[in-house]
Amino acid sequence: MMTQYRFSDIEKKWQKIWAESNLHKVEENHEKPKYYVLDMFPYPSGAGLHVGHPLGYIASDIVSRYKRLNGFNVLHPMGYDAFGLPAEQYAIQTGQHPEQTTAANIQTFRRQLDLMGFSFDWSRELRTCDPDYYRWTQWIFGQFFQHWYDKKEQKARHIREIENHFSKYGSQGIEAACTESINFTAAEWNVLDAKMKADLLNNYRLAFIDFTTVNWCQELGCVLANEEVVNHPEKGPVSERGNYPVVRKKMKQWSLRITAYADRLLSGLNQLDWSDSIKEIQRNWIGRSEGAEIQFGLESNGHELPPVSVFTTRPDTIFGATFLVLAPEYEGLQALCSETQTEAVLAYANAAKNRSEIDRMADTRKTGVFTGNHAIHPFTKKPIPVWVSDYVLAGYGTGAIMAVPAHDERDFDFAKAFDLEIIPVIKPQDASLELPLTAAFSAKDGICFNSDFLNDLSVKEAISKAIAQLETQRLGKRRVNYKLREAGFGRQRYWGEPFPIIFDDAGIPQMVETLPVLLPLVESYKPTGTGESPLAGVAEWVQTPAGRRETDTMPGWAGSSWYFFRYMDPQNGQAFAGQEALNYWKQVDLYVGGSEHATGHLLYSRFWTKFLFDLGFVGVEEPFKKLVNQGMIMGEDGQKMSKRWGNVVNPDDVCAQYGADTLRMYEMFLGPLTDSKPWNTNGIEGVSRFLNKFWRLFFNGETFELSGEAPTPEELKILHKTIKKIKSDIEQMSFNTAVSAFMVATNELGALKCKKRAILEPLIILISPFAPHIAEELWQYAGHSGSIHLAAWPAHDEQFLTESSFEYPISINGKTRTSITFNLDADPAVIESAVMADEIVQRWMDGKPLKKFILVKGRIINVVV
RNA sequence: GCCCGGGUGGCGGAAUAGGUAGACGCGCAGGACUUAAAAUCCUGUUGUCAGCAAUGGCAGUACGGGUUCGAUUCCCGUCCCGGGCACCA
């Protein structure tokens, strides 16, 4: 009977000892360099964990343990993102308070996480739904509310400073991030009443009340996200759940002015050690484009009409602009229509308003209505018609475009649909355009023609020149535009952070000073049907002596946008984290989590960090220095692991059958961390076999055996190449090849029957980050009283790896034919003559003369004939 | 449509400052130990052709070209898969 290693006893034993001795508790320690390893904290769903969830946790745990062995003071915390919709929906169905279900779910999660032997410092655990936590989420919101963004200084400043400025100088000299730019004098400001001042300041606050268009479902009594709305063939837009009609409705909504930070969010990406794909996703989401804003005066037919500003990235095509198009939601649209066309335009705008986003997206046929009026081309002074069409979006640029049908596909389609003029002004560099155009020529490497002062310039030159000309003639200016929209921050839900806001009798929002504002108990979690959150029904909470409370709650991402700072000092009652802790831990060195948060959590966290940086609370502008996105583990059938497909593998079962160490190593062995890959039950057997083999390296039958015998060069070479390989693999997060290196070392040492302490003991340390329990047990067997996780990482010594000779593959014309061993310091001339004298080489040369002899030292020899 | 990744045995995957393609594991086939099974160990395993065999030839990293003494790796074109964005002017 072979010794079987008893993982179940061993794992239970050590997990208990580690917990009781607080082995993983960490404090600030200025003697050691710090390292902060963070996992994206989980939402504690009722389903518990499946084997896909711990993938990233295992990787981060390996790095944490590796860093500790290398002398780093490692912060490796865990907590729960506990506010959110599923708990609330469960409450609606069962009447159970979300707090109860959340607490129960957290217990399950904790039990499952403990099974896998992670080295989290649980004394720092946090939950976003805990009042001691969310009081600081509310506090940070309050800071957003009390600040505005100064574009000149590129930072957030206190709202009092802009008030002071307004009272002395009006809006003159202020360049602020705002909803709309308004000009007024100090005198005008000073005569405003308190409510009017508050409304005006709302235009500048970083947390402000916005009016946004939402998908409103009367039947469900709530607002729906775009993805919750589907298109019904007869009824039009309906809710995904229940098929109830959905209309677009303007609603008051708290928002955060994230666009103020668009520039910095974009440029900050360059310094981050993140995957290119996720940086690219954020770049696209921010969507910076450079171009010009151009003013078009309108032909007045008797009465004066306001000018229309358009945004374009192609001012070089200005001479090809043959009409303007306004969005159906264009501000002041009605005033721009001629009398005869007003009715048609308004009918069109109204129809467009109720078309769902998806509908508008899916349908690329061009529709539109002529306003009946003309604009004046800024250079040619010719009149060009002004149209309205829903292919122009109100929310981007100015909500109006100059259409250049010859060089923009959409404008081309529109011009064809309504028989509008098409004037080509850009031609390919080395050819002329084929006329008439059958499609827009939108290449950006052409040459201008038909374009007055831009003729013969390249597109790039023409863009600069056109802007310069527009600026000198005061017809327009350079402008940078972003796709990024303000971040809607209010939810008509119960299970979230209440806003620390009370509207006083004048309707002015006032910051609540005493935090936290506790989430009150409600009787029903159901939507009220009025568009308000269930909190609106708690009269005694809503009505306060100071006024009426805001009844919306914050979105799921509020609590997760700053939790990484709270871990640094989780019990602090005076601040979201103390200065000392913030200065010591600074930022997350390694962040591991899924890529699905690219445009949500990861962007918002960067935004909040930059804001807290501006206020001087934190010393870093970026929260996550290095980010690694682990892939998904699919079911054995290749589909996403889900109850629905019946392919879920539970880590509890795997731990019971094979042990946590096997599960950990197997998940790492599956393939590169960042790839998605299927689970394979057979594969885990191989890793289980390996760990047993590893265990047996140390045993002779039933007895543990380590000898003090001096190791041979061959054994030393195996050890040192393994140390080197594991170190570099962990640092590159190539865990699958690290596991394979352990297998190779075990196979080789097993074959040599090596039982020497000098070789095997360092090997236990190497494997301890991967398989912490078995390593701890073997370490104890080896006679150590302290934990292996407090040991030091062995250093590899190159001298054991250097070879004196090398077996050179010999290729003739690039095809390997034989191999000959030479000393590495042998004279190339000697090698050449030896190779040329070789029988096999001679045979393949077949009497042809030698053309070239290539020797790459320690690599290859190639004979060219 | 645009922007990122990526295509290597029966399977998961190794190997890229260009240098012996297929490490490691799974699966499969054969063998040892055993009354038997489990466990463990050993051998083989890209395809194909020749040979009783040891062995050897040819082809081969999605496809077609190119650069090079030499290409899975670099360049150009095509196809396919995954992800992101999408009437963003």
Side-chain angles (χ1 to χ4, degrees), chain A residues 1-4 275-285 287-289 291-292 310-315 317 321 325 327 360-366 389-393 395-404 407-411 413-414 442 481-485 595-596 598-599 629 631-632 665-666 669-672 674-687 689-690 692-693 696 734 736-747 750-751 807-819 851-865:
Chain A
M1 166 90 187
M2 276 288 173
T3 326
Q4 281 289 298
S275 75
D276 287 336
S277 76
I278 224 142
K279 287 204 254 188
E280 203 53 32
I281 291 171
Q282 287 208 352
R283 282 191 195 106
N284 289 339
W285 189 260
R288 181 181 202 270
S289 32
V310 304
F311 173 73
T312 178
T313 54
R314 297 291 303 274
T317 62
V325 188
R360 275 171 81 159
M361 255 159 33
D363 187 1
T364 52
R365 281 172 311 175
K366 296 291 180 282
S389 172
D390 66 359
Y391 83 91
V392 174
L393 306 178
Y396 183 77
T398 60
I401 61 157
M402 64 173 207
V404 184
H407 305 292
D408 181 281
E409 218 175 296
R410 297 149 302 182
D411 298 345
D413 293 345
F414 193 81
S442 52
N481 206 50
Y482 298 94
K483 277 194 237 175
L484 186 68
R485 304 296 162 84
S595 57
E596 66 273 21
T599 55
N629 300 115
M632 221 189 310
M665 291 200 89
Y666 177 60
F669 187 58
L670 266 177
T674 53
D675 286 7
S676 284
K677 55 244 158 185
W679 181 263
N680 178 340
T681 301
N682 286 324
I684 197 167
E685 298 274 357
V687 174
R689 254 172 243 158
F690 154 71
N692 275 297
K693 222 191 251 189
R696 283 196 304 273
S734 174
N736 56 329
T737 51
V739 174
S740 128
F742 282 123
M743 291 173 170
V744 171
T746 303
N747 290 343
E807 185 180 340
Y808 283 91
I810 314 284
S811 51
I812 319 294
N813 284 343
K815 284 189 196 296
T816 309
R817 298 300 183 186
T818 183
S819 63
K851 222 162 140 189
K852 202 170 175 186
F853 186 86
I854 293 158
L855 168 66
V856 183
K857 195 176 168 185
R859 288 273 186 201
I860 203 169
I861 290 167
N862 192 13
V863 179
V864 188
V865 297

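Each chain gets a letter, A, B and so on, in the order its sequence line appears, and its residues count up from 1.
Across the interface with RNA chain B, nearest-nucleotide mapping of A:Thr599 and A:Gly397 shows A:Thr599 to be the residue nearer the 5′ end. Closest-nucleotide positions on RNA chain B for A:Glu409 and A:Ser811 were compared, and the one nearer the 5' end corresponds to A:Glu409.
A:Glu596 pairs by the side chain to side chain donor-acceptor pair (under 3.5 Å) definition with nothing, not counting sequence neighbours. Residues satisfying the side-chain contact (heavy atoms from CB on, under 4.5 Å) criterion with A:Ala400, sequence neighbours excluded, are A:Val308, A:Val310, A:Leu326, A:Tyr330, A:Thr398. Under the rule for a side-chain contact (heavy atoms from CB on, under 4.5 Å), the partners of A:Thr746 that lie at least two apart in sequence or sit in another chain are A:Phe690, A:Lys693, A:Phe694, A:Leu697. Partners of A:Thr737 by side chain to side chain donor-acceptor pair (under 3.5 Å), not counting sequence neighbours, listed by chain and number: A:Asp729, A:Ser734. Residues satisfying the side-chain contact (heavy atoms from CB on, under 4.5 Å) criterion with A:Arg689, sequence neighbours excluded, are A:Glu685. Remark: A:Asp408 pairs with A:Arg410 by the salt bridge (Lys or Arg N to Asp or Glu O under 4.0 Å) rule, at least two apart or across chains. Looking at residues two or more places apart in sequence or on another chain, you find a side-chain contact (heavy atoms from CB on, under 4.5 Å) between A:Ile278 and A:Trp274, A:Ser275, A:Ser595, A:Ala598, A:Leu602, A:Leu627, A:Asn629. Qualifying side chain to side chain donor-acceptor pair (under 3.5 Å) partners for A:Thr312, counting only residues two or more places apart in sequence or in other chains: none. Shown here are the side chain to side chain donor-acceptor pair (under 3.5 Å) partners of A:Ser289, two or more places apart in sequence or in another chain: A:Tyr396.
Rounded to whole Å, the P atom of B:U78 lies 45 Å from the corresponding atom of B:A29. Taking the P atom of each, B:G70 and B:G19 are spaced 14 Å apart, rounded to whole Å. Atom P of B:A14 sits at a distance of 15 Å from the matching atom of B:A62, rounded to the whole Å. The gap from the C1' atom of B:U20 to that of B:C69 amounts to 16 Å, rounded to the nearest Å. B:G5 sits 25 Å from B:G66 when the C1' atoms are compared, rounded to a whole Å. The gap from the C1' atom of B:G12 to that of B:U34 amounts to 33 Å, rounded to the nearest Å. The separation of B:U72 from B:A53, taken at their C1' atoms, amounts to 34 Å, rounded to a whole angstrom. B:A15 and B:U68 have their P atoms separated by 29 Å, given to the nearest Å.
Within 4.0 Å (heavy atoms only), A:Arg283 reaches no atom of the nucleic acid at all. Nucleic acid contact class of A:Lys279 (heavy atoms, under 4.0 Å, all strands): none. A:Val744 comes within contact range of the sugar-phosphate backbone alone, with a heavy-atom separation under 4.0 Å but no base atom that close. Residue-level contact check: A:Asn747 touches the backbone only, with heavy atoms under 4.0 Å from sugar-phosphate atoms and none from bases. Counting non-hydrogen atoms under 4.0 angstrom, A:Ser289 reaches the backbone sugars and phosphates but no base.
Residue A:Lys693 contributes atom NZ, which lies 11 Å from atom C1' of B:C42 at whole-angstrom precision. Following rounding to the nearest Å, A:Lys483 (NZ) and B:A89 (P) show an atom-to-atom distance of 6 Å. The CZ atom of A:Arg859 sits 14 Å away from the C1' atom of B:A21 (whole-angstrom rounding). B:A38 atom P lies 13 Å from atom CD of A:Glu685, rounded to whole Å. In this entry the distance linking CD1 of A:Ile281 with C1' of B:A86 reads 14 Å, nearest Å. Rounded to an integer number of Å, the gap from CZ of A:Phe690 to C1' of B:G25 is 11 Å. Put simply, CZ on A:Phe742 is 17 Å from P on B:A14, counting in whole angstrom units. Distance, A:Ile860 CD1 to B:G18 P: 14 Å, rounded to whole Å.
Of the side-chain N and O atoms in A:Tyr391, none sit less than 4.0 angstrom from OP1 or OP2 of B:A89. For the OP1/OP2 pair of B:G57 and a distance below 4.0 Å, the side-chain nitrogens and oxygens of A:Arg817 include at least one atom meeting the criterion. For the pair A:Arg696 and B:A39, the criterion of a side-chain N or O lying under 4.0 Å from OP1 or OP2 is not met. In terms of phosphate contacts, A:Lys815 brings a side-chain nitrogen or oxygen within less than 4.0 Å of OP1 or OP2 of B:A59.
Between A:Pro809 and A:Thr816, the shortest heavy-atom contact is CB-CG2, 4.1 Å. Closest non-hydrogen pair, A:Glu807 versus A:Ser819, comes out as OE2-OG, 2.7 Å. Scanning all heavy atoms of the two residues, the minimum distance from A:Met402 to A:Asp411 falls at O-OD2, 4.0 Å.
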Does the protein touch nucleotides 4-13 of chain B at the base, only the backbone, or not at all? Give it as B, S and - per nucleotide, heavy atoms under 4.0 Å. S-------BS
Distances under 3.5 Å between protein N/O atoms and the N/O atoms of nucleotides 69-72 of chain B, please, pair by pair.
residue : atom : partner  : partner atom : Å
B:C69   : O2'  : A:Asn862 : ND2          : 3.3
B:C69   : O2   : A:Asn862 : ND2          : 2.4

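For A:Arg689, the side-chain atoms get nearest to B:U40 when compared with the rest of B:A89, B:U40, B:C24. Side-chain proximity of A:Asn682 to B:A89, B:G27, B:G25: nearest is B:G27.
Both key distances under 3.5 Å define a Watson-Crick or G-U pair, and stretches of 3 or more such consecutive pairs in RNA chain B run B:1-7 with B:79-85, B:10-12 with B:24-26, B:27-32 with B:40-45, B:46-50 with B:55-59, B:62-66 with B:74-78.
Glycosidic conformation of B:G5: anti, with the torsion beyond 90° of 0.
The distance from the CD1 atom of A:Ile812 to the CD1 atom of A:Ile861 is 10.0 Å, given to the nearest 0.5 Å.
With a 4.5 Å cut-off on side-chain heavy atoms, A:Val863 and A:Phe853 count as touching.
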